[in-house]
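Please read these numbers as outputs of a predicted model, since none were measured by experiment. Side chains included, hydrogens not; waters and symmetry mates left out as well; all remaining heavy atoms used.
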Amino acid sequence: MSDNSSGKENWKKGVEKLLKGDKAESLNRQSPEGFEIQALYDSEDVSNRNVDPGYPGEFPFTRGPYSSMYTQRPWTIRQYAGFSTAEESNKFYRQALEKGQKGLSVAFDLATHRGYDSDHPRVVGDVGKAGVAIDSVEDMKILFDGIPLDKMSVSMTMNGAVIPIMAAYIVAAEEQGVSTEKLSGTIQNDILKEFMVRNTYIYPPQESMRLVSDIIEYTSEKMPRFNSISISGYHMQEAGADSALELAFTLADGLEYVKTAVESGLDVDAFAPRLSFFFAIGMNFLMEVSKLRAARTLWAELMKEHFEPKNQKSLMLRTHCQTSGWSLTAQDPLNNVVRTTIEAMAAVLGGTQSLHTNSYDEAISLPTETSSRIARNTQTIIQEETDITHTVDPLGGSYAIESMTHDLKEKAKTIINEVMEMGGMAKAIEEGYPKRKIEESAAIKQAGIDKGDITIVGVNKYVNEKEDPVDILDIDNTGVRDGQVDLIDEIKAKRDKVATKEALLAITEAARSGEGNILDLAVEATRRRATVGEISTALEQAWGRHTATNQTIKGVYESVYKSDKGYQEIKSKIDAFSEEEGRRPRILVVKMGQDGHDRGAKVVATAFADMGFDVDVGPLFSTPEEAAKQAIENDVHVIGVSTLAAGHKTLIPDLVKILKKEEAGDIIIVAGGVIPVQDYDFLYEAGVSAIFGPGTNIPKAASKVIDEIRAKKA
Amino acid sequence: MTIDELAKGVQEGKRRHLAKAITLVESNREADQQTAQDLISKVRSAKETIRVGISGVPGVGKSTFIEALGNLLIEEGLKVAVLAVDPSSPATGGSILGDKTRMETLSSKDEAFIRPSPTSGTLGGVAKRTRESMMLCEAAGYDVILVETVGVGQSEFEVASMVDCFLVLMLPGAGDSLQGIKRGIMEIIDILVINKADGDQEKMAKNAVTEYQNAFHLLTPKYDGIGVDFLTVSSIKKKRIDEAWEKIQGFISALKEKGIFEAQRKEQELNWFKRLVEDEVLRRLWGSETNKEKAAELVEQIKKGEITPVKAAYDFLSSEISR
Ligand code: B12
Ligand SMILES: Nc1nc2c(ncn2[C@@H]2O[C@H](COP(=O)(O)OP(=O)(O)OP(=O)(O)O)[C@@H](O)[C@H]2O)c(=O)[nH]1
Ligand SMILES: [Mg+2]
């Protein structure tokens, strides 16, 4: 150690010789998070930062929440899945459990997420498409048929319609003969990030927070083995956040929930041990390992500082992780197996408690049987064929990892402090601050990829000339919908109408008065066969449906791209069009149906505006009628439909039909998003002029759109 | 579509035709200018209309207010057109327009027509296109025209000069905003609405009204006997929006009773005529090729110090200025 400094000097000299004169520091990189990644870290970096990672299972839990970690029992393989009907999903779960999966994780369809029964007119394109359709406890019972709920830990990704879904789960268990105290699992119940990035909110923020807190209260009394919330950063990263933003906003959300529960009268130790977290793991391997370690450390410190719990477990951050879907490509999709493996290793080396690994067809459609099997095996291989599980926190003590853990933690702390100054996360969200930050970050990333500064193999470098077609899972949503509607009708015919109505009224009343526990009341209504949609409506009657304030950003995309020659050429092309036409090309970017994926739409909108389009941004959840009306009134040249949740085959033909009827057939339609190649011809025949899939280079798309407008005019 | 067809469609209240007609009057293309005028002269409104300008700083809640007010008007059986003008569009590149997302229910109603307009690089500025679009909407049968404009630059003065009633939204917390209030704005306000009077801000909003009342007290009123009106609303909670509408109607009736209403519309037209002539003279002055060349020549000479600016100006004006 004593000649450390001369050692470092020698190293620098060596590097500078190799660099032929450039400084060694020139190899350092600026991370998107806003701190420097050094080309080399040494013991001095660790001691300067005053880092002592301590021991696993001990405060501040940098090295892991448990002392034995995977040496005793590996993480839980928990694959997120769900599609079409309860029967189909049940069959899929039972197979997966046979093949080594340990816990269940239910993906609901978007109609359910948004509190609509399958027979609601706003969800024709959505039923059973992006997850399983659950309208009532009868569906829930089928979903868990043959799966003992006292033994199986069940995770449910539900936030908006969290009340009726929790109730259906509780009553399904009850009718299986399992009482609430035996239930184990997790409900996502993290509404704050819905307003930021995930977009399956239903009620306004304040009212929604009441539901979160009612659930925390209910579970802390009756479901001791159940995690009442899964505070999620995952969706933030997938929406564009860098690791520091993801970490900071997630922990700030966590603090907000704890504060709300404490203010509602709960003792922090009564519920804090049942809080769980959820992070995304992307391709920045070292950063992601550091992120999980930093998350545990910072949470422990923050909880201690703000709430002084007595129970050590209240300080302990336990997390689920999912590999990044955003990092996966539609091009050369088998590359995704490799990406997912690298990410899975980062999650594990960071010490996750459970993990979902994505399938290689992620950017194409819902996974098939084959792609799901490989995704699951990616984890079993790491668990059972490698030595990674043999040592706790094997990267602990690495100069680089310890330094980065520290730097990331500090960066996140700064952001959390900013949020605190705004009055906490709920206030910051109201002001749109975190969403704006995330969208800016997404635009910067997109420009980096389009320009070629960020490499994505198979997309902007080493492109595979001939793509082989990939088998896809195609769901017949009309079929699913018809089946669901029949079941709803049957339930409604059989039940005691008066009793159901009373139970629903009690919910509305409790929502209005602020008295009582809403989950408690919903459980009763569910016993009386009230549907998911009816319980949601009962709350909506008191609180209304929330509509988001759509912010837009301008100039961020261009700031990265400006100097590029190709980019300037596109701009000139658009300017020339504007000269001829007497106005700028005008595009309406719309999202139809319950599809809440808005990252692509937002990025395309801001980039198109930077390049010279006049861009109208439609609200989320439009119907084809609403989209057509807006397009007509604004007299756009083109409607750009961004569609990722597989509603395109229903919604786009509808849109075309309405435009024709309104004598607006001259408005052209282009579509972008997750659209399997198998569907292209169908859409072209329906009247779509151009399709832009994942990995689309935006300036090229803009140029093509101009060509299409011109072609239509000719 | 011929001009006659277009005019007929507008007059019949067809959405598609109205939209196309607005595009035509917004066009920067030289060839469209005359056609647009032909169109305007072919359409005419058959009923009484109310034109309301709605202004205020970015984020004060104009769009949210319009969402609430517009829905109320529709419930009363009226048809509403909204023209949203955003003069803050950047000099280069296009605009990104998200206003309609804040008028979600209104924008889906049959009785509403909403048109946000980008304004970067337009001929004649905000005023020309908006005034003409307003006339088209009236011809298409809309009873109330709401013009939303951000309180930035000159746009609010221009909008004020083309509406019957000019309403400004303010945030609670008067002390601060009173200082921030732009010069000349106080003189053109007819109704001052404090928005976001909800939650913890309700009380603050009430206090703000008092402060504003005191401040406005010192001004000479815009119209004899009609003072500025004040109220607090919450656009998001839809509180006292009906009162806002009553105040607008009250103001309009007062104008009518005093015989100012029609006179003001006429005067606005006369001013508009003058403005147009001036603008057109300027446009022709700098637009003609010979003038451009001549000016460029003189500019070079001024730069080199070969001629004084005054002499150059005389030379330019005495040379052949187009027509
Ligand atoms: C990010 C993401 C999310 C984020 C969304 C964050 C946000 N605010 O957008 C989160 C984590 C919240 C999320 C949630 C869900 N997701 Co998701 N998600 C993705 C993911 C991984 C990437 C999408 C993305 O944003 N890519 C980056 C953007 C920039 O790309 P893009 O949208 O494709 O846009 C590009 C082009 O397509 C094109 N383009 C797109 N639109 C337009 C428009 C015009 C005019 C033009 C010119 C071009 C254009 O240009 C863009 C630039 O290159 C995809 C899989 C994938 N890799 O594509 C799944 C995916 C879309 N999700 C899926 C599902 C099922 C869900 C959920 C419904 C899961 C559930 N049951 O709970 C939820 C619900 C979300 C909701 N409210 O709708 C499925 C959809 C399945 C299907 N189509 O059959 C996918 C395909 C994953 C999968 N294979 O299962 N998701
Ligand atoms: N609390 C509260 N918030 C409001 C109210 N009205 C609007 N807001 C919020 O204020 C923000 C801005 O509202 P907008 O209606 O878009 O404001 P605007 O003046 O049209 O904004 P620009 O068009 O960008 O100039 C949004 O987040 C609204 O939800 C209100 O009455 N109370
Ligand atoms: Mg607005």
Side-chain angles (χ1 to χ4, degrees), chain A residues 204 206 431-432 544-545 547-555 557-558 571 574-575 578-589 602 605-606 608-623 625-637 659 662-664 666-667, chain B residues 1 9 14-24 26-33 35-36 59 61 63-64 67 81-82 84 86 88-90 92-105 107-110 112-123 129 199 236-238:
Chain A
Q206 246 182 345
E431 283 171 26
R545 215 167 239 274
T547 48
T549 307
N550 212 336
Q551 308 183 71
T552 47
I553 52 171
K554 181 98 213 297
Y557 185 85
E558 174 153 300
K571 281 193 85 169
I574 294 168
D575 287 344
S578 316
E579 263 320 287
E580 278 165 44
E581 178 72 6
R583 61 169 178 153
R584 295 195 163 276
R586 190 161 179 172
I587 184 171
L588 169 67
V589 179
K602 288 289 183 75
T606 189
F608 268 55
D610 283 356
M611 287 182 287
F613 275 69
D614 281 334
V615 182
D616 293 289
V617 187
L620 280 176
F621 317 124
S622 297
T623 60
E625 287 81 7
E626 289 160 358
K629 181 171 188 270
Q630 183 166 2
I632 290 170
E633 286 177 4
N634 296 7
D635 195 23
V636 299
H637 295 100
L659 286 175
E662 302 284 328
E663 300 173 53
D666 56 324
I667 297 178
Chain B
M1 219 183 283
K14 286 194 176 159
R15 200 177 298 280
R16 181 74 176 137
H17 292 74
L18 175 57
K20 286 259 175 226
I22 294 179
T23 301
L24 183 64
E26 284 183 349
S27 176
N28 290 334
R29 196 158 49 185
E30 193 61 53
D32 289 337
Q33 307 306 312
T35 338
S63 303
T64 315
E67 157 92 356
V82 180
D86 183 2
S88 59
S89 314
T92 77
S95 303
I96 186 157
L97 305 155
D99 265 331
K100 265 199 192 179
T101 60
R102 284 146 210 197
M103 305 180 201
E104 213 175 318
T105 43
S107 65
S108 66
K109 295 237 165 103
D110 267 346
F113 181 97
I114 306 180
R115 175 74 169 239
S117 288
T119 50
S120 47
T122 51
L123 290 178
R129 49 172 34 185
I236 231 163
K237 302 263 183 239
K238 306 193 171 29

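- Salt bridge absent: B:Asp32 and A:Arg583 never bring a charged side-chain N and a carboxylate O closer than 4.0 Å.
- Using a 4.5 Å cut-off between heavy atoms, A:Ile587 does not touch chain B at all.
- The one candidate from A:Thr549, A:Asn550, A:Thr552 that meets the side-chain contact (heavy atoms from CB on, under 4.5 Å) condition with B:Thr101 is A:Asn550.
- In this structure, the separation between CZ on B:Arg16 and CD1 on A:Ile632 is 6.0 Å, given to the nearest 0.5 Å.
- The CD1 atom of B:Ile236 lies 7.5 Å from the OG1 atom of A:Thr547; values are rounded to the nearest 0.5 Å.
- The parts of B:Ser108 that come within reach of chain A are both its backbone and its side chain, each placing non-hydrogen atoms under 4.5 angstrom from that chain.
- In this structure a side-chain-to-backbone donor-acceptor pair under 3.5 Å is present from A:Lys629 to B:Lys109.
- Taking all atoms of both residues into account, the shortest heavy-atom contact from B:Glu104 to A:Leu620 is OE2-O, 4.0 Å.
- In this structure, the portions of A:Gln630 lying under 4.5 Å from any heavy atom of chain B include both its backbone and its side chain.
- Proximity to chain A (any heavy atom under 4.5 Å) is shown, for B:Arg115, by both the backbone and the side chain.
- Looking at A:Asp666 and B:Met1, their side chains never come closer than 4.5 Å, going by heavy atoms from C-beta outward.
- At least one side-chain heavy atom of B:Lys100 sits under 4.5 Å from a side-chain heavy atom of A:Asn634.
- The greatest number of non-hydrogen atom pairs below 4.5 Å with chain B, out of A:Arg586, A:Glu625, A:Glu580, A:Glu626, is found for A:Arg586.
- Residues forming a side-chain contact (heavy atoms from CB on, under 4.5 Å) with A:Gln551 (at least two apart in sequence, or on another chain): A:Lys435, A:Arg436.
- Counting heavy-atom neighbours within 6.0 Å of B:Lys237 NZ, excluding the residue itself, gives a total of 12 or less.
- Here B:Ala112 is the residue among B:Ala31, B:Gly98, B:Ser63, B:Ala112 with the most heavy-atom pairs under 4.5 Å with chain A.
- A donor-acceptor pair is defined here as one N or O able to donate and one able to accept, closer than 3.5 Å; such a pair exists between the side chain of A:Asp614 and the backbone of B:Ser95.
- When heavy atoms are compared at a cutoff of 4.5 Å, A:Ile553 approaches chain B solely by way of its backbone atoms N, CA, C and O.
- Checked against side-chain contact (heavy atoms from CB on, under 4.5 Å), A:Glu431 has the following partners two or more places apart in sequence or in another chain: A:Met422.
- Options B:Lys14, B:His17, B:Arg15 differ in how many heavy-atom pairs under 4.5 Å they form with chain A, and the most are formed by B:Arg15.
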